[in-house]
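Computed from heavy atoms alone, side chains included, the values below leave out hydrogens, waters and symmetry copies. Here is how names work: the chains are called A, B, and so on, in the same order as the sequence lines, proteins then strands, and each is numbered from 1.
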Amino acid sequence: MTDISNNQTPPAAVDWASGKAKALRKKRYAADRRLRYYGIAAISTAVLLLGILIGSLVSTGYLAFVQTHVTMEVAIDPEQVSADDPASGNYRAIVSDGVQRLFPDVEDGGALRAAAGIITNGAQVILRNRVIADRSLVGQTIRLQVPVSDPYDQLYKDVIDRDLPENRRRLNDSQIALFETLEDRGLIEAKANWGLIFSSDSRFPELAGLAGAIVGSFYALLVCFAISFPIGIAAAIYLEEFAPKNRWTDLIEVNINNLAAVPSIVFGLLGLAVFIQLFGLPRSAPLVGGLVLALMTLPTIIIVTRNSLKAVPPSIREAALGIGASRHEVILHHLLPLAIPGILTGTIIGLAQALGETAPLLLIGMNAFLTSPPGGIMEPATALPTQIFIWADSPERGFVSRTSAAILVLLGFLITMNAIAIYLRSRLERRW
Amino acid sequence: MNQMTEIALEHAITNVAPQVNAKMRGRDVNVFYGAKQALFDVNLDIGERQVTSLIGPSGCGKSTFLRCLNRMNDTIDIARMVGDITLDGQDIYDPKIDVVELRARVGMVFQKPNPFPKSIFENVAYGPKIHGLASNKTDLEEIVVTSLKKASLFDEVKDRLHEPGTGLSGGQQQRLCIARAIAVSPEVILMDEPCSALDPIATAKIEELIDELRANFTIVIVTHSMQQAARVSQRTAFFHLGILVEEGATEQIFTAPSDKRTQDYVTGRFG
């Protein structure tokens with residue numbers, strides 16, 4: 001009851017212009033400004049650190065986006081390769097012959113071997129693939145552009161300093177002299193390195209690429225999505241809409257939140273013990289990787305879905321119930337369509353997390369050395385982060401820049417996924 | 001607390017007046033939210049094809065009683081109802097009662113207009129669709145058009161039936177919600193402060209509409225505006241602190257209330 005009594009004394013008039021009042025206001029404004037400056041300082045620090053990260057990656061990684069190539073002439077001798085069976089020719093001899101043609105003046109065996117070291121070890125495979133693709137090449141002399149081997153690639157990119165004393169660099173004076181004759185003849189050219197994306201891993205940095213890792217990551221994420229998305233949404237709907245509020249559901253809720261905070265390596269151990277040892281699923285397979293990543297993504301999706309369902313205004317739920325919609329109609333016709341932008345955003349961000357996850361994949365063996373992309377979810381595979389891990393561990397100089405380049409590729413995928421999430425959210429979000 | 005018991009004892013005297021042509025009857029209705037009791041032994045009859053308004057200060061339990069009539073309180077976990085509420089003599093809290101059917105027969109319009117974020121047509125068609133009231137598209141279209149006409153909204157929206165319902169003005173949205181409610185041919189329509197979010201012109205339109213709907217529907221309206229109760233309702237029930245203080249013909253409640261509290265409230269002394 002709000003009976004108004006009139007026996008109060010009116011408050012004394014405030015002197016807003018007094019020095020004290022002014023000083024107090026000034027102090028409050030100063031506090032406002034300080035808070036704003038703290039924020040600006042924090043943002044600047046974050047941007048600076050991000051800039052340093054990207055900057056260092058780009059500065060080492062950009063070298064891997066170009067590859068030094070040498071153009072050589074090879075005569076595809078029908079005696080070495082038969083057009084009927086191009087797969088089993090003696091391509092090594094043809095390439096050696098090509099090297100001799102490249103350096104007609106070199107006759108000494110040792111010098112010739114050094115000269116052969118300039119071109120990549122994979123030259124014969126490149127040649128073989130060309131001939132298999134086009135049998136009419138047998139008997140012809142063709143110009144073949146092949147990558148130079150890693151030390152010469154580094155030399156051309158000025159990673160190896162030609163002015164250093166001979167005993168302190170990878171290549172000795174005579175090797176450099178050989179390479180320089182090629183440079184003088186205009187046979188050396190740096191080209192965009194599409195092999196980085198379209199080739200698989202190799203022992204030789206100049207040939208190594210990310211195709212296998214990208215396909216492996218794709219399969220693993222596919223499995224992860226196919227499992228965690230439906231299970232996560234169903235679990236969230238049950239917990240949010242059907243579950244009674246009691247000790248058991250509280251316990252489940254707490255555990256789901258805890259699950260989201262479990263270190264990823266623990267999931268890897270679980271995957272190793274359960275999926276591989278107990279269920280006998282193949283080691284290194286994207287199926288197992290996807291299952292493990294699904295376990296990690298599940299709590300994220302459940303939490304995000306529950307929050308999105310909670311965010312649907314209760315008036316919509318009441319409206320549907322009020323005209324006699326049943327539980328499933330309220331959920332499927334009204335709540336989910338309104339919650340789906342949030343769910344999708346959260347799912348994509350969860351998948352992006354899973355894409356960058358390394359430790360569990362190492363434990364289930366998704367760091368295999370594979371020179372071709374996996375053919376399916378049951379075949380051995382690597383993933384992008386584990387590929388980065390493998391390359392970071394390799395001693396060859398060329399893998400240093402390739403590691404950075406691979407990180408940039410991974411970051412590219414992550415940024416793309418997050419951009420899709422933002423786009424979907426702004427596109428699908430409905431106002432009410 | 002003393003005052004509470006005093007009132008509780010007192011209410012038994014005033015809380016009578018069974019009606020002859022009651023559509024719904026509430027008998028000894030008690031509602032608890034957890035440990036807190038929100039309604040105390042309410043006995044109230046809802047007359048068929050007339051407007052009953054429930055008035056009283058905030059937190060007096062009038063909305064709680066309204067939401068018991070179509071069991072919307074079931075959706076609140078901690079809410080518990082003791083007592084009997086019947087619709088045409090049938091206990092609506094009987095476990096055998098189908099809540100979905102009950103809510104189709106006892107429709108509801110809420111305080112804040114809450115159209116679905118779908119087209120105007122879809123908003124009205126949704127109820128008939130889920131209850132299978134239309135056998136084909138033409139039937140459905142007819143139901144939608146009739147409902148919109150009954151809610152006096154059709155002329156304003158006939159050219160944009162497929163535009164979102166959320167794009168309408170507040171008053172139009174509320175009439176859309178009324179159209180949505182009457183599309184499933186309910187027998188009773190519950191309105192929970194349907195005009196509190198609307199401007200006076202929109203309010204006047206809704207009041208006019210309520211008066212028209214009375215011919216076909218039994219209407220229960222919760223309102224904070226006593227003028228509105230006086231204008232639209234035939235019977236008025238005054239709630240206070242969870243107790244039904246007085247119920248009677250609207251004219252009598254506003255001109256010659258038998259209870260002091262009712263008099264204080266309707267004359268604006270408190271609330």
What part of Val106(B) lies closer than 4.5 angstrom to a heavy atom of chain A: side chain, backbone, both or neither?
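Backbone of Val106(B) only, per the 4.5 Å heavy-atom cut-off to chain A.
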Quick check for you: to the nearest 0.5 Å, what is the distance between Asn70(B) atom CG and Ile323(A) atom CD1?
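The CD1 atom of Ile323(A) is 12.0 Å from CG of Asn70(B), to the nearest 0.5 Å.
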For residues 172-182 of chain B, give me every residue with a non-hydrogen atom less than 4.5 Å from any non-hydrogen atom of chain A.
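From residues 172-182 of chain B, the residues near chain A are Arg180(B), Ala181(B).
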How about [atom1] on [X], more than 12 heavy atoms from neighbouring residues, nucleotides or ligands closer than 6.0 Å, or not?
X	atom1	result
Tyr29(A)	OH	no
Phe32(B)	CZ	yes
Ile43(A)	CD1	no
Glu142(B)	CD	no
Lys245(A)	NZ	yes
Phe218(A)	CZ	no

Exercise: identify the closest heavy-atom pair between [X] and [Y]:
X	Y	answer
Val100(B)	Gly324(A)	CG1-O, 3.1 Å
Leu321(A)	Arg103(B)	O-CD, 3.0 Å
Ser315(A)	Asn114(B)	O-ND2, 2.9 Å

In terms of side-chain geometry, is the basic nitrogen of Glu318(A) or Arg67(B) positioned less than 4.0 Å from the acidic oxygen of its partner?
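Here Glu318(A) pairs with Arg67(B) in a salt bridge, since their nearest N and O are under 4.0 Å apart.
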Sort and list the pairs that fulfil ring pair (Phe, Tyr, Trp, His ring centres under 6.0 Å) and have at least one residue in residues 100-122 of chain B, not counting sequence neighbours.
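Pairs touching residues 100-122 of chain B that pass the test: His334(A)-Phe116(B), Phe116(B)-Tyr126(B), Phe121(B)-His162(B).
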Qualifying salt bridge (charged side-chain N to carboxylate O under 4.0 Å, His left out) pairs, either residue in residues 119-129 of chain B, two or more places apart:
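Qualifying pairs: Glu122(B)-Lys129(B).
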Could you tell me if the side chain of Ile130(B) sits less than 4.5 Å from the side chain of Ser326(A), heavy atoms only?
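When only atoms from C-beta onward are counted, Ile130(B) and Ser326(A) do not touch, as no gap falls below 4.5 Å.
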Scan for side-chain hydrogen bond (donor to acceptor under 3.5 Å, both in side chains) pairs involving residues 185-195 of chain B, sequence neighbours excluded, and state none if there are none.
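Applying side-chain hydrogen bond (donor to acceptor under 3.5 Å, both in side chains) to every pair that reaches into residues 185-195 of chain B, excluding sequence neighbours, yields Lys23(B)-Glu187(B), Ser63(B)-Asp192(B), Arg105(B)-Glu187(B), Gln111(B)-Glu193(B), Glu193(B)-His224(B).
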